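Reading through the structure tokens given below for one structure.
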Amino acid sequence: MRIPTRKKPEVLSPAGNLRGLKTAVDYGADAVYCGGKAFGMRSAPKNLSLEDFEEGSRYAHERGARVYVTCNVLPRNNEIEAMREYIGQLKDTGVDALIVSDIGVMMMARQVAPNLELHVSTQAGVTNYQAANAFYELGARRVVLAREMDLQAVRDIRANIPDDLDIECFVHGAMCMAFSGRCLFSNYLTGRDGNHGECAQPCRWKYSIVEEKRPGQYFPIEQTENGAYLFNSQDMNMLGHLDDLIDSGATSLKIEGRAKSAYYIAAMTNAYKTAVNEYMIQRGFEDADGNILLPFHDRVIRPSDPDYGQGAEDQVMRNADAAFAGVADEGYDRAIATSDAPEPDGMSSHARSTRRKSNTAVEQIETDWKHAAVRPAPHVELPEWLLEETDKVAHRDYSTGFYYPEHKVTQNTDRSAYFRSWLVVGEVLSWSADEGGRVTLMSRNKIEPGQQVEFLLPGERPLAYIVPEDGLRDADGTPVPAINNPAHMFSMPCPHQVPINAAIRSRTKKPTLKAE
């Protein structure tokens, strides 16, 4: 059994192992993407085996979710036949789609596994509707856009491709300093090939300058005693802006993090799924119980629509052309008006705003191009507790990536560590109604009387709970003053029923910066 493509926005979560896959599904993921032991862009040994894919697919399908497998490495000649055999094995595991970047692998997959959907990886660098349509004609049913696309580019692609071609966009997690992740940095410095899932992440390392004739003398690039993290990109966080992205035609919302913990997967999946549910309710597509009121549709005005070209300009459209040109139309016009430089002859407003620095006015061609507009709608308001969820996992400084050209992602040159203001202190093993309610847990960090903790619950606001003054017991039932031994089983009173595997977290006494 395979699950058909959704007719409303999909929350796509990562998984680095079978437990992560099940956790993602339990916390509301509509689909999960994961890598196998070979040919994925994360080569960690905890990736899924063929048996894991079979079990994971059954688990997901029974709960209405789908499973996608990454086959997005750039294979070498001596790997082609092994890739063919691997795809042949995957087609019988029950997975729903393959994520590919190499056109040869894509054609191979069509031959070997014709029943599997083909999703074109961000590594393919799709930045325009012509490329998206070409992949569609070759059999793709989804394109994962280059992470460098702004919202207006998403709208323009959506307006000019078939409605049944999915657009997948990243919404949360680490950003790569290289274009759509196509990087040779790791391979050059360490011999570990990032295009084969073995990236050592040298972009997160600390760098200083050494003068040729003064070996051993290191000069900080920034004025700090710790050197500079030149390529250390901020993390993406689009939780508060999902309405803009969905309105702009994104079909699938992708959370980055196949190397992340089960807690991270649970927390971010739950947050984004809750946000999508809020979107569906506030836009009038569903009621609070999830019953369909109207068929879902994005708000992009297409060339075939009667009102195409008549949509009101919004802030996204006004700032769109700054994405590649480095300056918006308004800024360029102001610069011309305040200088003695003549306006380039024969350049349309569109040509001016989208030209590259290497181009000249003579090279530009006049067009009647119009950006795709979006039908206006009120901003979707998310509850404050939901917006706070992204700060309850370890993260670097957040940005909105490249979606808003006026607020582009940047680097943090003074550090590469993660912020951590919350810790996972335990994991629920079971709950019993005995004695008024009691939870058995596996400890991860210290839990003591009077401490405020939260239970992370799927589909709900986290449950805040204060640890009682007494009633803590160890695995033998012996009373203990506090839970202070990691990786040991304890129990404590809890009148609220909580699900198995729910994470128990607590705010740290002092927020820290540390590696993850």
Side-chain angles (χ1 to χ4, degrees), residues 6 8-14 24 26-31 150-151 154-155 168-173 234-257 263-294 296-300 314-316 374-404 406-407 409 419 421-422 454-464 503 505 507:
R6 288 169 58 80
K8 59 183 182 181
E10 171 190 88
V11 174
L12 177 58
S13 297
D26 290 344
Y27 278 84
D30 303 302
D150 68 325
L151 276 177
V154 179
R155 297 173 176 185
E168 182 177 304
C169 293
F170 285 87
V171 293
H172 197 91
Q234 295 170 331
D235 284 0
M236 182 187 288
N237 177 5
M238 282 289 287
L239 185 64
H241 306 274
L242 282 192
D243 53 348
D244 277 353
L245 191 54
I246 299 172
D247 287 348
S248 297
T251 311
S252 179
L253 311 171
K254 187 171 193 171
I255 301 168
E256 188 276 338
Y263 164 68
Y264 180 97
I265 294 170
M268 292 302 92
T269 299
N270 195 56
Y272 279 88
K273 180 64 174 180
T274 302
V276 169
N277 289 342
E278 283 292 325
Y279 174 94
M280 297 297 287
I281 293 169
Q282 294 183 38
R283 285 285 188 266
F285 296 115
E286 293 180 354
D287 62 20
D289 296 322
N291 299 309
I292 297 176
L293 303 177
L294 293 171
F296 169 75
H297 200 273
D298 59 69
R299 307 189 70 82
V300 178
D314 64 358
Q315 192 66 28
V316 169
V374 166
R375 296 180 177 89
H379 177 60
V380 171
E381 298 291 339
L382 301 179
E384 192 63 29
W385 72 263
L386 180 55
L387 294 172
E388 293 172 354
E389 283 296 289
T390 56
D391 289 325
K392 295 182 178 180
V393 295
H395 64 91
R396 301 181 182 93
D397 289 285
Y398 280 133
S399 75
T400 51
F402 292 89
Y403 289 119
Y404 301 94
E406 68 274 28
H407 300 296
V409 62
F419 291 105
S421 56
W422 287 72
E454 288 184 352
F455 291 89
L456 183 61
L457 307 177
E460 299 180 38
R461 178 174 183 160
L463 171 65
R505 65 190 179 194
R507 189 184 297 274

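Positions are given from 1 along the sequence. Bear in mind that the values here come from a model prediction, so they are computed numbers and not experimental data.
Between the side chain of Asn237 and the backbone N or O of Leu239 there is at least one donor-acceptor pair closer than 3.5 Å. Between the side chain of Ser13 and the backbone N or O of Ile265, no donor-acceptor pair lies under 3.5 Å. Counting only distance, with no hydrogens or angles, the side chain of Tyr263 and the backbone of Arg505 share no donor-acceptor pair below 3.5 Å. Here the side chain of Tyr403 pairs no donor or acceptor atom with the backbone of Asp244 at under 3.5 angstrom.
Taking each heavy atom of Leu242 and Ala275 in turn, the nearest pair found is CD1-CB, 3.7 Å. Considering all non-hydrogen atoms of both residues, Arg299 and Pro376 come closest at NH2-O, 3.1 Å. The minimum heavy-atom distance between Ile292 and Leu294, with the atom names listed, is CG2-O, 3.6 Å.
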Open item on the list: Please determine whether side chain to side chain contact (heavy atoms under 4.5 Å, CB included) holds for the pair Met238 and Tyr404, giving the CA-CA distance in whole Å, both sets of side-chain angles, and the decisive distance to 0.1 Å.
Closed with: CA-CA 11 Å; Met238 282 289 287; Tyr404 301 94; 4.1 Å; yes

Open item on the list: Under the criterion side chain to side chain contact (heavy atoms under 4.5 Å, CB included), I'd like the reasoning laid out for Asp397 against Phe419: C-alpha separation, chi angles, the key distance, then a yes or no.
Closed with: CA-CA 8 Å; Asp397 289 285; Phe419 291 105; 3.4 Å; yes

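Looking at Lys8 and Asp30, no side-chain N of the basic residue comes within less than 4.0 Å of a carboxylate O on the acidic one, giving no salt bridge. Arg507 has no carboxylate O lying under 4.0 Å from a charged side-chain N of Glu388, or vice versa, which leaves the two without a salt bridge.
Expressed to the nearest 0.5 Å, how far OG of Ser252 lies from CG of Leu245 amounts to 10.0 Å. Atom CD of Glu389 is separated from atom CE of Met268 by 6.0 Å, given to the nearest 0.5 angstrom. Rounding to the nearest 0.5 Å places CD1 of Ile255 at 7.5 Å from OH of Tyr264. Rounded to the nearest 0.5 angstrom, Asp247 CG and Arg283 CZ are separated by 4.5 Å.
Ring-centre distance between His172 and Tyr272: below the 6.0 Å cut-off.
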